[in-house]
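Read through the structure below, which is laid out as structure tokens, and then see the notes.
What you see below is based on every heavy atom in this structure, not just the backbone, and it leaves out hydrogens, waters and symmetry mates. These numbers were taken from a predicted model, which means no experiment stands behind them.
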Amino acid sequence: VRLAGGKIYFNQQKVGIDNLQARIEDGSVAINGAVDFKDNFKIDHIDLRVVGREIPYRMPGTLFVSVSPNLSVRGDLSKLLLSGQLDIVECEVTQQVDFSKILARKGVSVTGEASGPKRKKKGREGPNPILAATALNVRVASPGGIIVRNNLADLRLVDGRLELVG
């Protein structure tokens, strides 16, 4: 990530972001907006916008994806709205799938018999309260297609569209 310009300013009531730009490989992203605070730096209101072009993400041997977001998040922590458009410019999933490992994590052997007690999940209990309070109105499109190439499938989804609402 290389920062390419912009300003961040802050005081006791606000953190402002004015055209903060970054380059990520051949992609770019710009962030604008502000986070307003009330007493003791508690978040009062968020109004941020992220616009990007062909931002890459790689997990070698598993996934490559390049996205172009035009998203905003607005509201307070009790009621946020994530809205806009997310274009999946390119996506290739190559992760191999091993059902015996998946079933073993669930406490089932490959033959379908119980293979011992289930392990307790580690981590926090229940949903993240900020995510639980976030409504969605996001259109996702894959004009470049999504490719899945692994031991289970060799397929290509062309020009897919999905709306995330709720």
Side-chain angles (χ1 to χ4, degrees), residues 1 4 6 8 10 13-38 41-97 99 102-103 105-106 118 120-150 152-166:
V1 177
I8 299 175
F10 54 93
Q13 290 84 35
K14 179 181 285 201
V15 172
I17 302 171
D18 185 19
N19 203 27
L20 183 64
Q21 298 176 31
R23 303 271 315 154
I24 305 168
E25 295 181 23
D26 292 333
S28 63
V29 65
I31 303 171
N32 286 284
V35 177
D36 297 322
F37 297 100
K38 54 185 174 184
F41 289 102
K42 292 181 183 171
I43 294 175
D44 184 42
H45 187 80
I46 297 173
D47 185 359
L48 295 172
R49 181 169 190 125
V50 177
V51 177
R53 182 188 60 79
E54 297 183 15
I55 302 167
Y57 178 75
R58 286 180 176 77
M59 292 176 60
T62 302
L63 171 73
F64 170 76
V65 65
S66 174
V67 297
S68 292
N70 186 348
L71 300 169
S72 66
V73 61
R74 291 187 172 94
D76 61 46
L77 293 184
S78 68
K79 189 175 182 184
L80 289 170
L81 174 63
L82 176 63
S83 62
Q85 175 83 23
L86 179 67
D87 288 336
I88 301 172
V89 179
E90 184 179 353
C91 180
E92 185 169 2
V93 179
T94 55
Q95 167 123 20
Q96 301 299 307
V97 178
F99 280 113
I102 295 168
L103 292 171
R105 282 196 300 265
K106 300 290 183 187
K118 289 184 182 179
K120 262 191 152 179
K121 289 185 180 179
K122 294 180 182 176
R124 101 175 86 193
E125 295 295 322
N128 178 305
I130 294 172
L131 292 179
T134 302
L136 299 174
N137 185 14
V138 178
R139 291 171 311 285
V140 180
S142 63
I146 296 174
I147 297 169
V148 176
R149 216 177 266 138
N150 61 23
L152 295 181
D154 188 359
L155 59 92
R156 179 182 181 107
L157 170 67
V158 180
D159 199 25
R161 300 189 187 286
L162 175 67
E163 290 198 27
L164 303 174
V165 294

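- Remark: side-chain polar atoms of R53 are paired, donor with acceptor, to backbone N or O of D26 under 3.5 angstrom.
- When every heavy atom of S78 is checked against every heavy atom of A133, the shortest pair comes out as O-CB, 3.4 Å.
- Of the possible polar contacts, none joining the E25 side chain to the R23 backbone as a donor-acceptor pair under 3.5 Å is found.
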Margin query: Go through it in stages, so that I can follow the logic: the residues are I46 and L77, the test is side chain to side chain contact (heavy atoms under 4.5 Å, CB included), and I'd like the CA-CA distance, side-chain angles, deciding distance and then a yes or no.
Written below: CA-CA 8 Å; I46 297 173; L77 293 184; 4.0 Å; yes
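- R149 approaches Q96 most closely through the heavy-atom pair O-NE2, 4.4 Å.
- Under 4.0 Å is where a charged nitrogen must lie from a carboxylate oxygen, and between K42 and D44 no such pair does.
- Looking only at side-chain heavy atoms (C-beta outward), N32 and L20 stay at 4.5 Å or farther from each other.
- Remark: the backbone N or O of E90 is not paired with any side-chain donor or acceptor of S66 at under 3.5 angstrom.
- Counting all heavy atoms, side chain and backbone alike, T94 lies closest to N150 at O-CB, 4.0 Å.
- Nearest heavy-atom pair, I31 versus I17, reported as atom, atom and distance to 0.1 Å: O-CG2, 3.2 Å.
- Pairing each heavy atom of I147 with each of R156, the nearest pair is CD1-NH1, 3.5 Å.
- Within the 4.5 Å cutoff, no side-chain heavy atoms of L48 are placed close to those of V50.
- At distances below 3.5 Å, not a single donor-acceptor pair connects side-chain atoms of N70 with backbone N or O atoms of V51.
- Scanning all heavy atoms of the two residues, the minimum distance from F37 to I43 falls at CE2-CG1, 3.8 Å.
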